[in-house]
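Below is one structure, written out as structure tokens, with a few remarks after it.
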Amino acid sequence: MDEKDKEKIQQAVTMILEAIGEDPKREGLIDTPKRVANMFEELTAGYCDDEKAHLAKTFDVRSTDWVIEKNISFSSTCEHHLMPFFGKIAIAYLPSNKVVGLSKLARTVEVFARRLQLQERLTNDVADAVMDNLKANAVIVLCEAEHTCMTARGIRKIGSKTATFAKRGEVAKEDIDTVIRLMTV
């Protein structure tokens, strides 16, 4: 995000403050437009990142057993309300003789989480990235998140969570059941 874009955000935030009846020149609000612009730069940093860069370095392995990375914490921003949602993602993949460093899976989650998002898209984006970039035989992604657009406003159901699931490749039902059990332990 360049300075011109940050200036636009600052102007918009000033207008919002005025529209809700606040004085943008009040002591506590003077720097708020600048802080919000910096916040949006951070929250949308995924647009300037590329999952391919994180998933490019692989290692040869002889095993073709499942690899599972779970409890990958994330926060993202809902594209409908510009409010945060946060949770955990588990990624399981069946390698095709190549694996990636485990931290790269978490970095891949961050690439997509740091964009305006829908949880369903986030889950699918991660599954597609792992499948396509690692040429995996199969991928399963499980995402569970709490959405502040449901907990802090609207219906206000604190603690409610949404689960989404994506599968790529051919996976036997008994393997799906086993992998999901391992992903959620």
Side-chain angles (χ1 to χ4, degrees), residues 39-61 63-152 157-172 175-185:
M39 174 197 69
F40 272 107
E41 180 178 38
E42 181 180 340
L43 294 180
T44 61
Y47 291 117
C48 299
D49 201 351
D50 186 357
E51 76 280 2
K52 291 176 190 73
H54 300 294
L55 295 171
K57 175 86 170 133
T58 59
F59 306 95
D60 292 329
V61 293
S63 172
T64 55
D65 294 324
W66 286 95
V67 175
I68 300 172
E69 179 75 13
K70 61 185 184 177
N71 292 322
I72 302 169
S73 298
F74 75 91
S75 64
S76 191
T77 305
C78 168
E79 68 182 33
H80 293 154
H81 300 98
L82 298 183
M83 292 187 72
F85 67 97
F86 53 91
K88 294 186 184 245
I89 287 183
I91 302 169
Y93 71 98
L94 193 56
S96 177
N97 296 318
K98 293 214 179 271
V99 295
V100 69
L102 297 176
S103 70
K104 305 309 183 194
L105 296 173
R107 290 181 192 283
T108 299
V109 169
E110 282 301 299
V111 167
F112 295 111
R114 296 290 176 194
R115 297 175 181 179
L116 298 183
Q117 250 329 340
L118 297 175
Q119 181 177 334
E120 298 87 345
R121 184 184 316 117
L122 173 61
T123 305
N124 282 287
D125 285 348
V126 171
D128 290 338
V130 173
M131 187 72 174
D132 296 344
N133 289 282
L134 298 184
K135 306 298 184 221
N137 290 316
V139 175
I140 296 174
V141 176
L142 180 61
C143 178
E144 185 175 72
E146 187 169 327
H147 295 252
T148 59
C149 59
M150 276 191 56
T151 61
K157 295 299 175 193
I158 295 172
S160 63
K161 293 186 178 170
T162 301
T164 50
F165 173 88
K167 178 184 78 67
R168 303 292 182 268
E170 295 300 318
V171 185
D175 284 349
I176 292 174
D177 295 341
T178 300
V179 170
I180 289 177
R181 186 171 31 79
L182 291 169
M183 292 170 88
T184 58
V185 171

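One-based numbering along the sequence shown. Nothing here was measured: the structure is a model prediction, and the numbers come from that model.
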- Item | Asp177 and Arg181, any side-chain heavy atoms less than 4.5 Å apart | no
- Gap separating the CG atom of Leu102 from the CD atom of Glu69, nearest 0.5 angstrom: 5.0 Å
- Query: Looking at Ile89 and Cys143, what are the two nearest heavy atoms and their distance?
  - Reply: CG1-SG, 3.7 Å
- State, yes or no, whether a side-chain contact exists between Lys88 and Ile72 at a heavy-atom distance under 4.5 Å. no
- Message: Assess the residue pair Val141 and Val130 against the criterion (side chain to side chain contact (heavy atoms under 4.5 Å, CB included)); give the C-alpha distance rounded to whole Å, side-chain angles, the decisive distance to 0.1 Å, and a yes or no.
- Response: CA-CA 10 Å; Val141 176; Val130 173; 5.8 Å; no
- Message: Is there a side-chain contact between Val111 and Asp50 in this structure, where contact means two heavy atoms from C-beta onward sitting under 4.5 Å apart?
- Response: no
- Would you name the heavy atoms of Phe112 and Ala129 that are closest together and state the gap between them? CE1-CB, 3.8 Å
- Task: Check the side chains of Gln119 and Thr162 for a donor-acceptor pair under 3.5 angstrom, ignoring hydrogens and angles.
- Result: no
- Value for CZ (Arg115) from OG (Ser76), rounded to nearest 0.5 Å, stands at 10.0 Å
- Task: Give the minimum heavy-atom separation between Glu170 and Ala138, together with the two atoms involved.
- Result: O-CB, 4.1 Å
- Would you say Lys161's side chain and Gly87's backbone share a donor-acceptor pair under 3.5 angstrom? no
- Message: Go through it in stages, so that I can follow the logic: the residues are Asp60 and Lys98, the test is side chain to side chain contact (heavy atoms under 4.5 Å, CB included), and I'd like the CA-CA distance, side-chain angles, deciding distance and then a yes or no.
- Response: CA-CA 5 Å; Asp60 292 329; Lys98 293 214 179 271; 2.5 Å; yes
- Query: How far does CD of Gln117 sit from CG of Leu43, to the nearest 0.5 angstrom?
  - Reply: 12.5 Å
- Item | Result of checking Thr151, Thr77, Leu122 against Phe85 for side-chain contact (heavy atoms from CB on, under 4.5 Å) | Leu122
- Under 3.5 Å, side chain of Tyr47 to main-chain N/O of Leu116, donor-acceptor pair present? yes
- With rounding to the nearest 0.5 Å, note down the distance linking CE in Met131 to CG in Leu94. 9.0 Å
- Under the side chain to side chain contact (heavy atoms under 4.5 Å, CB included) criterion, do Ile176 and Phe165 qualify, and how do the steps go? CA-CA 11 Å; Ile176 292 174; Phe165 173 88; 4.2 Å; yes
- Supply the atom-to-atom distance Leu55 CG to Lys135 NZ, rounded to the nearest 0.5 angstrom. 11.0 Å
- Does a side-chain heavy-atom distance below 4.5 Å link Val126 with Ile91? yes
- Val139 vs Leu134 side-chain heavy atoms within contact, under 4.5 Å: no
- Hey, are the side chains of Phe86 and Glu146 touching, using non-hydrogen atoms and a 4.5 Å cut-off? yes
- Query: Mind checking whether Ser160 and His147 have side chains closer than 4.5 Å, heavy atoms only?
  - Reply: no
- Message: Between Lys157 and Gly159 (side chain of the first, backbone of the second, donor and acceptor by atom type, cut-off under 3.5 Å), is there such a pair?
- Response: no
- Task: Heavy atoms only: give me the nearest Ala127-Ala166 pair and the separation to one decimal.
- Result: CB-CB, 3.8 Å
- Does some side-chain heavy atom of Val100 sit less than 4.5 Å from a side-chain heavy atom of Leu105? yes
- Task: Could you point out which residue of Thr108, Asp49, Asn133 forms a side-chain hydrogen bond (donor to acceptor under 3.5 Å, both in side chains) with His54?
- Result: Asp49
- Task: Please report the closest heavy-atom contact between Ile140 and Trp66, naming both atoms and the distance.
- Result: CD1-CH2, 4.1 Å
- Message: For Glu79, is there an ion pair with Arg121 - N to carboxylate O distance below 4.0 angstrom?
- Response: yes
- Task: Drop me the distance from Glu51's CD to Glu110's CD, to the nearest 0.5 angstrom.
- Result: 13.5 Å
- Heavy-atom pair with the smallest gap, counting every atom of Ala90 and Lys70: CB-CB, 3.8 Å
- Query: Does a donor on one side chain and an acceptor on the other come within less than 3.5 Å for Arg168 and Asn124?
  - Reply: yes
